[in-house]
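All of these numbers come straight from a predicted model, not from anything done at the bench.
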Amino acid sequence: MRAPAALAPRAGRAAPSAQSPAQSGAGRRPQADRLLPSLRCSHEEQVERPRMLFRNRDRLLLLLALAALLAVLSLSLQFLTRNGGSSKSRKRILPDPVTEPPVMDPVYEALLYCNTPGVAEHSMEGHAPHHFKLVSVHVFIRHGDRYPLYIIPKTKRPEIDCTLAANRKPYHPKLEAFISHMSRGPAAAFESPLQSLPLYPNHPLCEMGELTQTGVVQHLQNGQQLRDIYLKKHKLLPGDWAPEQLYLESTGKSRTLQSGLALLYGFLPDFDWRKIYFRHQPSALFCSGSCYCPARNLYLEKEQRRQYLLRLRNGELDQTYGDMARIVDVPTKQLRAANPIDSMLCHLCHNVSFPCTRNGCLGMEHFKVIKTHQLEDERDRQEKKLYLGYSLLGAHPILNQTVARMQQAAEGRHVQAFALYSAHDVTLSPLLSALGLTEARFPRFAARLVFELWRDLEKPSEHAVRVLYNGVDVTFHTSFCHDHHKRSLKPMCPLDNLVHFVKRDMFAALGSNSANYHEACHREGF
């Protein structure tokens with residue numbers, strides 16, 4: 001920021017000499033004696049002039065200092081606007097009154113959701129006292145950045161290239177090696193129908209829902225970070241690891257399979273394809289053979305009704321959709337059905353201008369209104385508890401499977417040391433809610449939820465767990481361990497707490513007397 005133009009010439013002047021008034025006056029007498037008598041200065045004026053110069057100089061320096069301060073503040077604000085905050089605030093899931101906006105900022109939240117690859121984040125995975133040994137790790141991820149699932153009617157699709165190129169940002173040192181390794185992937189490494197999917201994105205113009213280069217890089221970074229912690233530091237897997245030590249599962253979408261492969265390659269570079277087997281999960285809830293649950297479906301219907309009523313009460317949202325529909329020249333109902341926020345997020349994450357028509361342009365003011373409503377909906381959802389009921393029943397099968405694997409590992413059986421589930425936001429969101437992480441942000445692109453199982457070497461029969469979300473330790477924010485740290489100095493939670501939560505407390509939280517998952521799903525009078 002420049003200083004005002006009127007001040008620029010003064011800034012270049014030499015500062016007045018630091019002489020005393022008497023010296024200054026004496027130095028001027030020979031010249032003053034040659035002036036006309038009417039122009040001669042009195043002795044008092046000669047004394048006062050240097051003082052005025054000093055005062056003017058001080059004022060000038062103060063103005064320049066203020067101008068410099070404003071310039072720094074201006075640049076800081078521009079940086080925050082472009083990058084969504086510092087790298088530290090990016091990884092937090094809970095509000096921080098120092099680094100985050102004092103009021104909800106929809107653009108700030110949207111940029112966090114984009115999760116644009118940048119400086120590596122500091123994570124808390126793998127932190128434990130020296131007498132604890134890591135036994136197993138269970139990782140749930142959301143796929144990385146993708147192309148929109150919907151296109152705004154009568155507008156041009158955002159031109160995003162879904163081929164992978166080393167000369168295009170964002171870049172990762174292992175990107176070219178990843179492409180080469182994926183090109184050799186055998187069909188035998190995947191359960192049907194995964195074997196028919198491409199192993200990396202490769203369209204010059206992205207297809208609907210396709211993983212982008214940003215999405216691949218996000219998970220290469222995730223995998224490399226987990227490798228540094230779990231393999232290099234904790235030796236979770238030996239150098240000659242066996243296929244039985246990995247468990248890999250993905251839904252049937254190319255973006256989840258490719259995300260899982262990118263993380264796996266970052267975690268185990270140049271892995272042996274003969275040791276890899278990706279299982280297919282038909283359900284986004286990862287409920288396997290326990291997906292039929294009438295009570296869960298009823299909770300979902302009531303939750304969708306809540307969402308609908310909240311939208312009806314939002315007059316500003318309705319007006320915004322109407323204005324957008326006028327711009328693209330379609331009925332408002334048709335525009336709503338196209339879920340325009342999905343496409344607009346892609347424009348924002350990839351720094352592409354919002355679409356225009358001859359009637360005008362969709363703009364940031366439209367985006368802010370819709371995104372603000374989404375954030376308000378998340379708050380209302382937590383208060384009404386309907387989504388909690390859906391989440392407890394929706395997340396129970398996969399949590400039950402995870403606990404069973406942890407119990408087997410604690411008993412010393414030969415089970416998988418590293419489990420990876422490549423999934424969606426509709427997978428992670430119910431998990432977060434069921435665990436009681438009510439303040440956790442909605443799963444961003446390439447979000448990760450990690451469960452760690454540890455053995456206490458001083459008491460080998462005792463095992464503990466840690467839960468981390470995007471690298472942040474949230475163990476003591478969970479429902480099953482929120483007050484344990486008040487009774488124990490250990491920075492983790494007993495495995496028994498998680499077991500009791502899944503086997504018993506999840507059903508009690510529904511307000512029923514159900515003894516198991518089947519009873520909770522089929523209870524009468526709900």
Asn497: which residues meet the side-chain hydrogen bond (donor to acceptor under 3.5 Å, both in side chains) condition with it, sequence neighbours left out? none
Using a strict SG to SG cutoff of under 2.5 Å, would you count Cys493 and Cys481 as disulfide-linked? yes
Would you say His203 and Glu210 are linked by a side-chain donor-acceptor pair, where the criterion is simply a distance under 3.5 Å? yes
Counting only heavy atoms not in Asp272, do more than 12 fall under 6.0 Å of its CG? yes
Looking only at heavy atoms, which two atoms of Met182 and Phe271 are closest? And how far apart? CE-CZ, 3.9 Å
Do Arg255 and Ser259 pair up side chain to side chain, a donor and an acceptor below 3.5 Å, judged on atom types alone? no
Would you call the rings of Phe190 and Phe278 parallel, tilted or perpendicular, where under 30° means parallel and over 60° means perpendicular? parallel
What do you reckon, is NE2 of His518 surrounded by more than 12 foreign heavy atoms closer than 6.0 Å? no
Ring center gap for Phe418 and Phe267 short of 6.0 angstrom: yes
So, for Asp342 and Tyr150, which heavy atoms are closest and what is the spacing to 0.1 Å? OD2-N, 3.4 Å
Ignoring hydrogens and geometry, is there a side-chain-to-backbone donor-acceptor pair from Thr212 to Asp145 under 3.5 Å? yes
Would you give the length of the straight line joining atom CG of Asp505 to atom CG of Leu510, rounded to the nearest 0.5 angstrom? 11.0 Å
Give me the ring orientation class for Phe480 and Phe501: parallel if the planes are under 30° apart, tilted from 30 to 60°, perpendicular past 60°. tilted
Taking all non-hydrogen atoms of both residues, which atom of Arg441 and which atom of Tyr108 are closest, and how far apart? NH2-CE2, 3.9 Å
Under a plain distance cut-off of 3.5 Å, with no hydrogens placed, do Glu303 and Gln307 share a side-chain donor-acceptor pair? yes
Any non-hydrogen side-chain atom of His138 less than 4.5 Å from a side-chain atom of Tyr247? no
Does atom CD (Glu159) have a neighbourhood of more than 12 heavy atoms from anything else shown, all under 6.0 Å? no
Quick one: CD on Glu411 to NE2 on His463, what's the gap to the nearest 0.5 Å? 9.5 Å
Could you tell me if Tyr265 and Asp270 have a donor-acceptor pair between their side chains, going purely by distance under 3.5 Å? yes
Exactly one of Arg466, Arg227, Lys233, Arg448 should register a salt bridge (Lys or Arg N to Asp or Glu O under 4.0 Å) with Glu125. Which one does? Arg448
What do you reckon, is NZ of Lys368 surrounded by more than 12 foreign heavy atoms closer than 6.0 Å? no
Lys503/Asp496 under salt bridge (charged side-chain N to carboxylate O under 4.0 Å, His left out): CA gap, chis, key distance, verdict: CA-CA 10 Å; Lys503 304 293 184 183; Asp496 287 344; over 6 Å; no
Just say parallel, tilted or perpendicular for the rings of His424 and His143, cut-offs at 30° and 60°. perpendicular
Looking at Leu237, is its backbone amide N or carbonyl O close enough to the side chain of Gln245 to form a donor-acceptor pair, meaning the two atoms are under 3.5 Å apart? no
Full working for salt bridge (charged side-chain N to carboxylate O under 4.0 Å, His left out) between Arg381 and Glu378: CA-CA 5 Å; Arg381 183 179 72 185; Glu378 289 178 26; 5.2 Å; no
Within 6.0 Å of CD in Glu519, more than 12 heavy atoms from elsewhere: yes
Which pair of heavy atoms, one from Thr251 and one from Ser283, lies closest together, and at what distance? CG2-O, 4.1 Å
State, without any angle test, whether Tyr387 and Ser429 hold a side-chain donor-acceptor pair at a distance under 3.5 Å. yes
Kindly indicate whether the side chain of Phe132, heavy atoms from C-beta on, has any atom under 4.5 Å from the side chain of Met492. yes
Contacts of Arg379 that satisfy salt bridge (charged side-chain N to carboxylate O under 4.0 Å, His left out) - sequence neighbours left out: none
